[in-house]
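Take a look at the structure below.
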Amino acid sequence: MGHRKKNRNVGIVGIGETKFSSHREDVNQPEMINEAVRDALNDAGLSIDDVECVVHGNMELFEMIHQPDLWHTLGTGAYGKDAYRLTTGGTTGGTLVAAADNLVASGMYDVVLAIGFEKLQEGHTTGGITNMADPLWARKLQSGALTDSAAVKVIAEFGEERAKRAAMTYRIIMDKHACLNPNSHRAFGLDWDQMDDLIKNSPPLIGNLRLIHMCSQSDGACAMIFASEEKAKSITDKPVWVRDHICIHREETLNLCNNYYPNQTTHKFAAEKLYERNGITDPVEYFDVFEMYDPSAWWGMDWIRDFFLLKDDEHIKLIENKDIMIDGKIPINPSGGVIAANPIGATAMVRVAEAAKQIRGNAGPHQIPRQVNHALASSFGGTMWTILFMLEKELNW
Amino acid sequence: MDNKDKPLVTVADIFGTMESRVNPEGVQGVTANYGYIITGEGGGEWTVSVNNGDVEVKNGIHKPQVTTTCAAEDWIAITLGKLDGMSAFTSGKLKVEGDLGLLGKAAKFFHKYTPPVPEVTVADIFGTMESRVNPDGVKGITANYGYVITGDGGGEWTVCVADGTVKVKEGLHDPKVTTTCQDEDWIAITLGKLDGMTAFSSGKLKVDGDLGLLGPATKFFKKYVPASGMEEEVGEELIVLKQILSLPQKFSTGKVMGKFLNALKDKKILANKCPKCGRLQLPPREVCAICVVRADQWVEVGPEGSIATPDIAYYASPDPLTGESRETPYCSAHFLLDGCKDHETLWHELKDEDLPKAKKGVRVRPVWNEERIGAITDIKYFEVID
């Protein structure tokens, strides 16, 4: 791995989010983005004139608009500024943060604004994802992002009863978190007594993947402002430091015809490398919160093991014991996660934004009720792309 | 006006008005019975029978292909657009039994349900005017507008506009222009059901005095909303434009994929092999990504094999090649063809009739198309070997 230490420290100084929803007919795309941009600038106490560079991203296939950044300049305020545009599937929001982190760390810019958005109601999500498949073989076969593979794997390992209950426990926990977060797109108010009914009766999508397990299709935007250490300290007394990030992909091994090569090891691989170079030996102990890109309850519950380098059924126990709840040992997705809101190009950025808010202590009603010093956030995309971020309250590592 | 005692919107009214709200394009080509079990107070059971363009709504459940169960208050909220149908479905408030694929079509069967209009009175229209003033509309205007509304619910009013301020008084007070109209026509004009200009042209609405003052008057007030508040407040400038994309595309195969696709014409399935690790790739790729060497050896595999992973889709996802919703359920599966091992599977579809037999390890063979062009469709599907 050709990784070197950062040239200089980078702090998160501004965070903006829209409310996430299935219907934003009241605004066009630039107007929706503008809500998040203004929110982030207000949060940082900056004006758009203080921003030197804008990094903009979403998935063009979903809204079928080429170079949306041109139209969106109306809302981003990128007039005459250096600008970058990124699109990496579900990972997009994370790639935007990684790019902003690198742009500031390199010394190229002192203040960078990153913007992720999606207005999924204006396009066709499943159609868009299906068109990502190999055009020579797989388009006829792809069914969007829906697959039974995670459930099949977990059921084979832990048995049907335990696996299904653990997946639904994870789901109900996420909904309980979503109900606390005022920006949630979906917050149903699910309760434990619905467990058996949902396991049995939630409409099936594919195999064991049921509607209740799957993430939503949302509209919304997220904006974050990154600054060099010196600038960050002058802008805010509560900067959140991006200690490190790692970006791993296995595109080269992933046949777009989706043959089941064991390709999801990107999560584990990224976690191993990141912890090793930062001297983290017990991630469950070290981190105070984990904001995970969890596209479905089956994936979320399965991936905890990879991200925390757990063995056997340790991840299932974390769920069964409700250790991942907001007041538990290692809270996962106090925001409600991706199942609660999935404006795809913003989704992975929201994970970092929510993790940073937890460290600042001003997340709102879904603030973890104890001190948060160390946060982990993940990104994921259909191209088997994993980005992991480590955020810190103090500059003391 | 007091409508609190009697809810305007009832489940019975929603079903009762369905036949009058049929959208002919939406029901075209559909023949199925849709059952509805609406629970709780005000609920009941209905069947919507769609027979290729004809729609009949009956009481009770009559041989439905798909049955929706929902609480009365949720069904009303969904109908009025206050509860998202998909959210209700996801959270279990709305339950569906039977052919789920039929439900997607049902969304287009009917024109929007409009709740029965609450009793609108002329007095309420004038009484709410001061609260509905549009400041930009009255700016710079100073004039008294008289209104003589005839009929049982009528009366006389004067709208006094004085450069930005508006007072509505009963009786006629020195009007510069006076409008005379029947009570029911005035209500219809206010609700947008009768065009004011049409009423004027046809003599339903008469004007005495300075006609030129009437033009600006159309901008004096924000929209009148009947007291039940059913109408959503949506800015008139917000439009949602609809577009459907249809893009003809063509893709070059390259030599490696070309060889694989060409072989399908002869009913042969070819994999290529990594010279270093020996693994097969199906469909083939130019390079083994694990060893990073050119995969230049070819092996014929199958055509028979077994099911490795069946993905049974119950959700009516669109066929990306046509944009139409697919019939569900269907099964796309990864097949382990003879001569392959582990993850060296081929992705294709299983015959619909074999869905109940879709299990790991079940033996299958390809069913070839008569006409083969070197495409995935050269294999119709795989079928179970009994």
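As the structure is a computational prediction, the values presented were derived from the model and not from experiment. In the text below, chain A, chain B and the rest are named by the order of the sequence lines, each starting its count at 1.
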Greatest number of non-hydrogen atom pairs under 4.5 angstrom with chain B, of A/Asn201, A/Asp197, A/Val27, falls to A/Asp197
Ordered numerically, the heavy-atom neighbours of chain B under 4.5 Å found in residues 173-191 of chain A are A/Arg186, A/Phe188, A/Leu190
I'd like to check B/Val364 versus B/Ile307 (side-chain heavy atoms, cut-off strictly below 4.5 Å). Are they in contact? yes
Cut-off 4.5 Å, heavy atoms of chain B, and the answer for A/Asn28 is neither
- Against chain B, label A/Gln194 side chain, backbone, both or neither, depending on which of its atoms sit under 4.5 Å from a heavy atom there.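 It is the side chain, since no backbone atom gets that close.
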Name the region of [X], side chain, backbone, both or neither, that has any atom closer than 4.5 Å to a heavy atom of chain A.
X	result
B/Leu261	side chain
B/Val240	side chain
B/Leu94	neither
B/Phe89	both
B/Ser252	backbone

Would you call [X] and [Y] a salt bridge, taking side-chain N to carboxylate O under 4.0 Å as the test?
X	Y	result
B/Glu73	B/Lys93	no
B/Lys273	B/Asp296	no
B/Asp378	B/Lys265	no

Open item on the list: Once you measure the plane-to-plane angle for B/His348 and A/Trp137, does it fall in the parallel (<30°), tilted (30-60°) or perpendicular (>60°) bin?
Closed with: perpendicular
- Does the side chain of B/Asp311 pick up a donor-acceptor pair with the side chain of B/Ser332 at under 3.5 Å? no
| Steps toward salt bridge (charged side-chain N to carboxylate O under 4.0 Å, His left out) verdict (B/Asp266, B/Arg372) | CA-CA 8 Å; B/Asp266 302 326; B/Arg372 293 183 296 279; over 6 Å; no
(Q) Would you say CD of B/Glu97 has more than 12 non-hydrogen atoms from neighbouring residues, nucleotides or ligands within 6.0 angstrom? (A)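 Counting neighbours around CD of B/Glu97, 12 or fewer heavy atoms of other residues, nucleotides or ligands fall under 6.0 Å, so no.
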Centre of B/Trp298's six-membered ring, under 6.0 Å away, within 45 degrees of the axis: is that where NZ or CZ of B/Lys259 sits?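 The answer is yes; both the distance and angle limits are met.
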When the aromatic ring centroids of A/Trp298 and A/Tyr170 are compared, is their separation below 6.0 Å?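 Ring centroids of A/Trp298 and A/Tyr170 are no less than 6.0 Å from each other.
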